Amino acid sequence: MARQVTLNRRLINTGVAWAFGILIFFPIFWTILTSFKTEAEAISLSPSLFDFDWTLENYQEVNSRSNYPRYFMNSVIIAVGSTLLGLIIAVPAAWSMAFVPSKKTRGILLWMLSTKMLPPVGVLIPIYLIFRDWGMLDSRTGLVIVLTMVNLPIIVWMLFTYFREIPGEILEAARMDGAGLKSEILYVLTPMALPGIASTLLLNVILAWNEAFWTLVLTTTKAAPLTQFIASYSSPEGLFYAKLSAASTMAIAPVLILGWFSQKQLVRGLTFGAVK
Amino acid sequence: ETLTIATVNNGDMVRMQKLSGEFTKANPDIDLEWVTLEENALRQKVTTDIATKGGQFDIMTIGTYEVPIWAKQGWLLELDGLPDDYDTDDILPGIRGGLSMDDKLFAAPFYGESSMVMYRKDLMEKAGMEMPEDPTWEFIGKAARAMTDKDAGTYGVCLRGKAGWGENMAFLTATANSFGARWFDMDWKAQFDTQQWADTLNFYVDLMNDAGPPGASSNGFNENLTLFQNGQCGMWIDATVAASFVTNPDDSKVADQVGFALAPDNGLGKRGNWLWAWSLAIPAGTEKAESAKKFVAWATSKQYLELVASNEGWANVPPGTRKSLYENPEYQKVPFAAMTLKSIEAADPTNPTVDEVPYVGVQFVAIPEFQGIATSVGQQFAAALAGQVSVEDALKSAQALTTRAMSKAGYPK
Amino acid sequence: MGSITLKQVVKRFDETVVIPPLDLTIEDGEFVVFVGPSGCGKSTLLRLIAGLEDVTEGVIEIDGVNATDLPPAKRGLAMVFQSYALYPHMSVRKNIAFPLKMAGMDQAAIDAKVNYAASTLNLADYIDRRPGQLSGGQRQRVAIGRAIVREPSAFLFDEPLSNLDAALRGNMRLEITELHQTLATTMVYVTHDQVEAMTMADKIVVLRAGYIEQVGSPLDLYREPANVFVAGFIGSPAMNLITGKNAEDHGATTIGVRPEHFSLSHESGQWSGVVGVSEHLGSDTFLRVNVEGIGYLTARADGEFPARHGDTVYLTPDPERIHRFDEAGLRIR
Amino acid sequence: MGSITLKQVVKRFDETVVIPPLDLTIEDGEFVVFVGPSGCGKSTLLRLIAGLEDVTEGVIEIDGVNATDLPPAKRGLAMVFQSYALYPHMSVRKNIAFPLKMAGMDQAAIDAKVNYAASTLNLADYIDRRPGQLSGGQRQRVAIGRAIVREPSAFLFDEPLSNLDAALRGNMRLEITELHQTLATTMVYVTHDQVEAMTMADKIVVLRAGYIEQVGSPLDLYREPANVFVAGFIGSPAMNLITGKNAEDHGATTIGVRPEHFSLSHESGQWSGVVGVSEHLGSDTFLRVNVEGIGYLTARADGEFPARHGDTVYLTPDPERIHRFDEAGLRIR
Amino acid sequence: MSTTHSRTAGKAMLSPAVILLFLWMIVPLAMTLYFSFLHYNLLTPGTSFAGIANYQYFLTDPAFFEALGNTLAIVGGVLIITVVGGTLLALLLDQPMFGQGIVRLLFIAPFFVMPTVTALVWKNMFMNPTNGLFAWLANTLGATPIDFLGHHPLASIIMIVSWQWLPFATLILLTAMQSLDSEQIEAAEMDGASAVSRFFHIIVPHLARAGTVVILIQTIFLLSIFAEILVTTNGGPGYASTNIPYLVYMQSLLQFDVGGGSAGGIVAVVLANIVAIFLMRMVGKNLDL
Ligand SMILES: Nc1ncnc2c1ncn2[C@@H]1O[C@H](COP(=O)(O)OP(=O)(O)OP(=O)(O)O)[C@@H](O)[C@H]1O
Ligand SMILES: Nc1ncnc2c1ncn2[C@@H]1O[C@H](COP(=O)(O)OP(=O)(O)OP(=O)(O)O)[C@@H](O)[C@H]1O
Ligand SMILES: [Mg+2]
Ligand SMILES: [Mg+2]
């Protein structure tokens, strides 16, 4: 395999791959570009790539209209909160599945996954009523709990596949060395699985960030995250492409940047043990 | 005290949000929290909330459709004891009637609207025709086809096609009224198997195929507004509030070429225009009733209209709610003011159709089931417009599903 | 202190009996090696002693105290795993300090002990590296260091050298032997390597399917295997086991002759046969000889012994060193 | 048919020269083993022959035809990889049939060949299993089967037995040797196992850092290593290399004595020393003896030789078998 | 590892997750089940027992079968596009090239975008038949712009969703591809397999596990695709792009028919479980969990 690859072939690969890459990325690029246009240019029938008057007025407008920092903070709190809570519940569960497996382990795991297949609309009204009764409508706590439950199966599965790759002997060694369960998990397992835990964390932050059903249904103002922010731009009177683009850019940029920085981690983690 | 206000993300409401600083300045003990959502999302949210007594909102923006239904359920707080200078009697009677039950006001209109024809004078001239003040459907059809130049990207008429009870069905129900059709007979039997409906829908689909823009079945108010502002529509029959947008030179390329006319008729005595008011209501059971009332009164007052006028000019004042506005000489200079008032006055929610009906509502039927049914029917009609089913089949499906839903809901009651 | 006694210990996984009732005594300071074919239960036995598995029945005593229900950490034993089981995220120092930290020892005492262990095991130079940056042998030493600092009453090793290459294995073998001589602590060592078992053990325990076949010193087992199984298992290349008429001549069902106990000649001898494969290692030559009426026998000749495929050679077993077994496979004394 | 000739072959990875100009001829039917320390270029050389790497300079001829630019599949060679490289999703049958299928052979012919190979290699019982369900030795056999069916003009093996345990390795070694005797096809075999090299090869090629240190039959290399490197590399335990006065006495810079070429005594002999470690294997005893003025020497005694840590013993090298090397490390003849 | 102690600990550690998930699943589900037997409309106060009427109406709704078909079409269509496309793109990205890191960044970006934003952007800025970029492209090329959402609603949604998920499939398959033991490819090469044969006989089977994960995860998310439909087509025209979740949504939140919506929800749950069973079978076979 290590035979010389001719420069030509490499150049062709590069060209084709970049072409596809740009094609796939184009909608995002275009959105970002449009956010710097005036409305008239945004909707112009002969769009221009760079040849327009760059303007920040859409961002100013969006900012003056809605309290972006609050939406942003809510998104951060909800995404990070639900992920951390999820980890706290999932780490022990995954530990148990990976290191003390029983005949039921596999079934439990698959059952957990299957709960994710239930369409949320089906249980909307009951959840809404429960939340109302518990006074958790429009509360970040409530949302953190919901998103934790929604993503828990994925967290457990990812952690499980990571933990499974850690040789049980190391945990036994820790046990021989006098570590109790807590020390074993805290000092040995968790640091060893750190890359896996990190990628689990990342994926779940992203999933929670983008969750657009429960976040819309269960929040109004105090706890409303960026999905709500976007929803208020979704179809006003007139198609304000430029403002929509600006709002979209503001909503996706944080997670896009996070995703880009952690891309390697993330992809590796996403394989759910399918790649050894 | 913090008031949570649910509003629609349309231009007038957004403006109110921006101007609300004036209100908080005057009432420093009241804070305002805004939930600005797209119309359908807003409706779902507030309906769920009020029906389950979630208590998340202190003020809700709702329409003439919801008010009578909700008031009947006792979900809304009666708007009594408003300040003297509020002048309830100044509200246009048609609008006020739609927001009252047993003569008690349950929501304050923020703006009111009917529908009318907006057209391009230049294109009309080019086509060698002249728009009367009260056109017939036949004239509209002819003019639209004459104005169409698809190669140049000009389409004779832009009409709503996007499915939804507040989108294409608002337009089509109002239009059907002028064709002599109705939703239900006095026994609550669906009427889509009538010739009147067939005529309505055939006329609409043919017209759009010949003279409408591509993709019309996805066009709602927003899309058509953009098309019109961009100079791609010869005529547009839609909400009167659009008049201020299409005549605003900042946003519209054709601002100086827009003319107005009443919604068309078919000589049957009913015009194809509707009546709607976005209104502010207070859910029963809120603990902040006093403050909420204060805000509602402020936002729908005469003073608010003046505030907008002084900040943004008369053309941007929320229209269609107060007689006094239309008596204001300043406002009369606005090109569409007269036509808007005429249109509003031409609509009669309590007697919307040629034949007698058991319901109220011009472009809707004020029963809870209507939203769902009309949205489904709207889907059928959108499919007909997109050419995916024939007009005949669309009507058949509409008839079937309406009958099903009505019998499920237990009509006739 | 470090005597270990197993009394009627039984281990079942669900229904399968892996260890049938088994008794074993390991004296304080002894180096005991468990050998046996793969799957015979060596690791299981070790893990039972360590407390990493529950015994199904029976009693395990450590230093005369019943330890059957003690958790692993309380048994005062240290274990060195086949995979080393080092903590990859900790430096060598932290790895070695871990058991002390878990025991709640104070930092100064920990440092002293770690430094002492590190210098004993020549680990000082890479005390701050992570295990990933170490060679196999160095890792093995760290694992031992981690075991040593706890001053356990006994060390347990489960095939600790099997991941190393041949040369390193030789060295580490010597190091562990020296360690045993220095510390004089009980060591229980699982391996399936002949050489390790023979050279390191004070006492070898030969297991088969959970049963103890023989317990004894390496040379005892080599010289006087208790039965056919041990005879065939101990020694490399394996003992030639001969049945039939030749065995009967010695009053046995089976007789055994080790390859190194034949004298070979090209001219004359007790049995003649044809060379099948001859393996010349330089130092020795191993011949597989097809002897009529007996079958293939393996014989060791010196490195210079000229023999090629197809040659006829004569084999004479050393009469003193013929092992005799009865029909039950037991040694006839 | 299967001669392979390398003429002035050079291999560079970017700037590092892995194989400096190298000439080598492998005769038809020969069993050639490449040995050398890790990283010396054994695998690279094999892969150059296979066509899996491009040569940087030089010519490779197979059966007298210039094959330098032929793709691997066109060279008529078969390769057995260290990791076996079986196709995990195919049954044994399909694995073996794969090269034939790729060659477009018809199904009946494929079946015949596969069945023949399977029976030759005793694979028939698990012909429908997947590789994942096989033991290491069985997998190795499948890999060989896949190579055989193509009837290549030469087999290339890259450490094919290194993933197997000792016993299995011994068996497979014999099987491959027998296979070579049966097929009489050229085999090129890379290993770092002494025993494999010594017992299997017709010809051993000793490599160091890409250079050929010596080419010859196993016994040639054992008896007459061309230089110190080969002397130390071939033979196990390794030859004792002695410098200084003792060497000068023999007119050499370095002399070498193999452990098996000492005679040992408790009473008298040429060199006296103190036993450090004695390893009793039963069949043999290896002693590490600390000889004054020389250092540690390894010596082999027979299994019964009584020697313990601290005993004094006398070593006498066999004068005939002292290897002498000059200051360049080359053998003095 | 398996002492009584550790097994007890194992159970104790697993139970919070199991119990919480169980509650999260069973409580709302039980309520939904209960509601599904009631006449319960949010807009008309009061409830009454409805028997199986809600199910009857839901299942005989002509929209139901269309929605069922659409659901499967969306899941199937997106899976085919992403898995096949992802494999090919992974193959491309696996080749030596310049700037692979940046190309990977470009590829993965769509996965991070909120579904709502995705739908809004595609609908307005690309697929809009007059102002969209596609229309502009068509006009520039002298063709008639396609009315994507009006005439090919389902295909458009499949396309949008595929755009979102293609990166996921590509990158996982790429990782899998890179994990292929190079000796296997070399062995195949020695065995005379051409590049195409190597692809089909060695690479594709090697990707089976990763492919399974891609299919599993995507199916989980695709079965409840909702935001994309709501934003772009509202399920129309007709029912052309209504899937089961959207249908349930229409019942629950457009008609506020909690009874009918609950019946629909239960039906959706049953259907999802049928899919789940098939899927889990496949997963069980391909992933040694
Ligand atoms: N957790 C377990 N569940 C069921 N059976 C087990 C378990 N652990 C071990 N066994 C069985 O117990 C027997 C003994 O296993 P053990 O690991 O002790 O063998 P071993 O002698 O160490 O073998 P090796 O030399 O291969 O390491 C084997 O048959 C094995 O299959
Ligand atoms: N693709 C490559 N790029 C750069 N250097 C390489 C490459 N492949 C091998 N080398 C270098 O070439 C040298 C010889 O490697 P090779 O694999 O042939 O050694 P070897 O003799 O087979 O070693 P071992 O016994 O460990 O298998 C090594 O120094 C190695 O680092
Ligand atoms: Mg074991
Ligand atoms: Mg190699």
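From a predicted model like this one, the values you see are computed outputs, not experimental measurements. Just so it is clear: chains get the letters A, B, ... in the order the sequence lines come, proteins before strands, and each one is counted from 1.
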Nearest non-hydrogen partners of [X] and [Y], listed with the distance:
| X | Y | result |
| --- | --- | --- |
| V103(E) | A17(A) | CG1-O, 3.8 Å |
| P27(A) | W122(E) | CG-CZ2, 3.7 Å |
| G21(A) | L106(E) | O-CB, 3.7 Å |
| P115(E) | N210(A) | CD-O, 3.6 Å |
| I89(A) | P16(E) | CG2-C, 4.2 Å |
| I24(A) | P110(E) | CG2-CG, 3.6 Å |

- Among S96(A), P101(A), A94(A), who wins on heavy-atom pairs under 4.5 Å with chain E?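 Answer, by heavy-atom pair count under 4.5 Å with chain E: S96(A).
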- Taking P92(A), A247(A), A90(A) one by one, which has the highest count of heavy-atom pairs under 4.5 Å against chain E?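 The residue among P92(A), A247(A), A90(A) with the greatest pair count is P92(A).
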Once you round to the nearest 0.5 Å, how far does [atom1] of [X] lie from [atom2] of [Y]?
| X | Y | atom1 | atom2 | answer |
| --- | --- | --- | --- | --- |
| L120(E) | I230(A) | CG | CD1 | 6.5 Å |
| M31(E) | Y128(A) | CE | OH | 13.5 Å |
| M114(E) | I252(A) | CE | CD1 | 8.5 Å |
| T116(E) | E211(A) | OG1 | CD | 9.5 Å |
| K116(A) | L216(E) | NZ | CG | 11.5 Å |
| F20(A) | F107(E) | CZ | CZ | 7.5 Å |

- Task: Check step by step if side chain to side chain contact (heavy atoms under 4.5 Å, CB included) holds for L105(E) and F261(A).
- Result: CA-CA 9 Å; L105(E) 290 185; F261(A) 271 110; over 6 Å; no
State, with a plain yes or no, whether a side-chain heavy atom of [X] is found less than 4.5 Å away from one of [Y].
| X | Y | value |
| --- | --- | --- |
| M97(E) | I12(A) | no |
| L152(A) | W24(E) | no |
| P96(E) | N13(A) | yes |

Chain E heavy atoms under 4.5 Å from [X]: which part of the residue, side chain, backbone, both or neither?
| X | answer |
| --- | --- |
| L216(A) | neither |
| S102(A) | neither |
| T34(A) | side chain |
| I145(A) | neither |
| L256(A) | both |

- Message: For a side chain to side chain contact (heavy atoms under 4.5 Å, CB included) check, start with the C-alpha distance between I102(E) and W18(A), then their side-chain angles and the critical distance, and finish with the verdict.
- Response: CA-CA 9 Å; I102(E) 300 175; W18(A) 275 85; 3.4 Å; yes
Using non-hydrogen atoms only, which part of [X] is less than 4.5 Å away from chain A: side chain, backbone, both, or neither?
| X | value |
| --- | --- |
| V27(E) | side chain |
| V113(E) | both |
| F221(E) | side chain |
| I108(E) | side chain |
| L271(E) | neither |
| L166(E) | side chain |
| L20(E) | both |
| L223(E) | side chain |
| F22(E) | both |
| V258(E) | side chain |

Name the member of [options] that forms the most heavy-atom pairs with chain A at distances under 4.5 Å.
| options | answer |
| --- | --- |
| L21(E), V248(E), V269(E) | L21(E) |
| V275(E), L92(E), N273(E) | L92(E) |
| S224(E), A227(E), P245(E), G265(E) | P245(E) |
| A119(E), A272(E), G101(E), A109(E) | A109(E) |

- Going through the checks in order, is the side chain to side chain contact (heavy atoms under 4.5 Å, CB included) test met by F99(A) and M13(E)? CA-CA 11 Å; F99(A) 298 114; M13(E) 309 272 270; over 6 Å; no
- Message: For a side chain to side chain contact (heavy atoms under 4.5 Å, CB included) check, start with the C-alpha distance between I28(A) and F112(E), then their side-chain angles and the critical distance, and finish with the verdict.
- Response: CA-CA 10 Å; I28(A) 299 172; F112(E) 302 137; over 6 Å; no
- Message: Under the rule for side-chain hydrogen bond (donor to acceptor under 3.5 Å, both in side chains), what residues qualify as partners of D257(E), not counting sequence neighbours?
- Response: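 With sequence neighbours excluded, D257(E) shows a side-chain hydrogen bond (donor to acceptor under 3.5 Å, both in side chains) to K408(B), given in chain and number order.
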- Message: Applying the side-chain contact (heavy atoms from CB on, under 4.5 Å) criterion to T32(E), which one of V123(A), I125(A), I127(A) satisfies it?
- Response: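 When side-chain contact (heavy atoms from CB on, under 4.5 Å) is applied between T32(E) and each of V123(A), I125(A), I127(A), only V123(A) qualifies.
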- Can you label the angle between the F226(E) ring and the F213(A) ring as parallel, tilted or perpendicular, going by 30° and 60°?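 Perpendicular.
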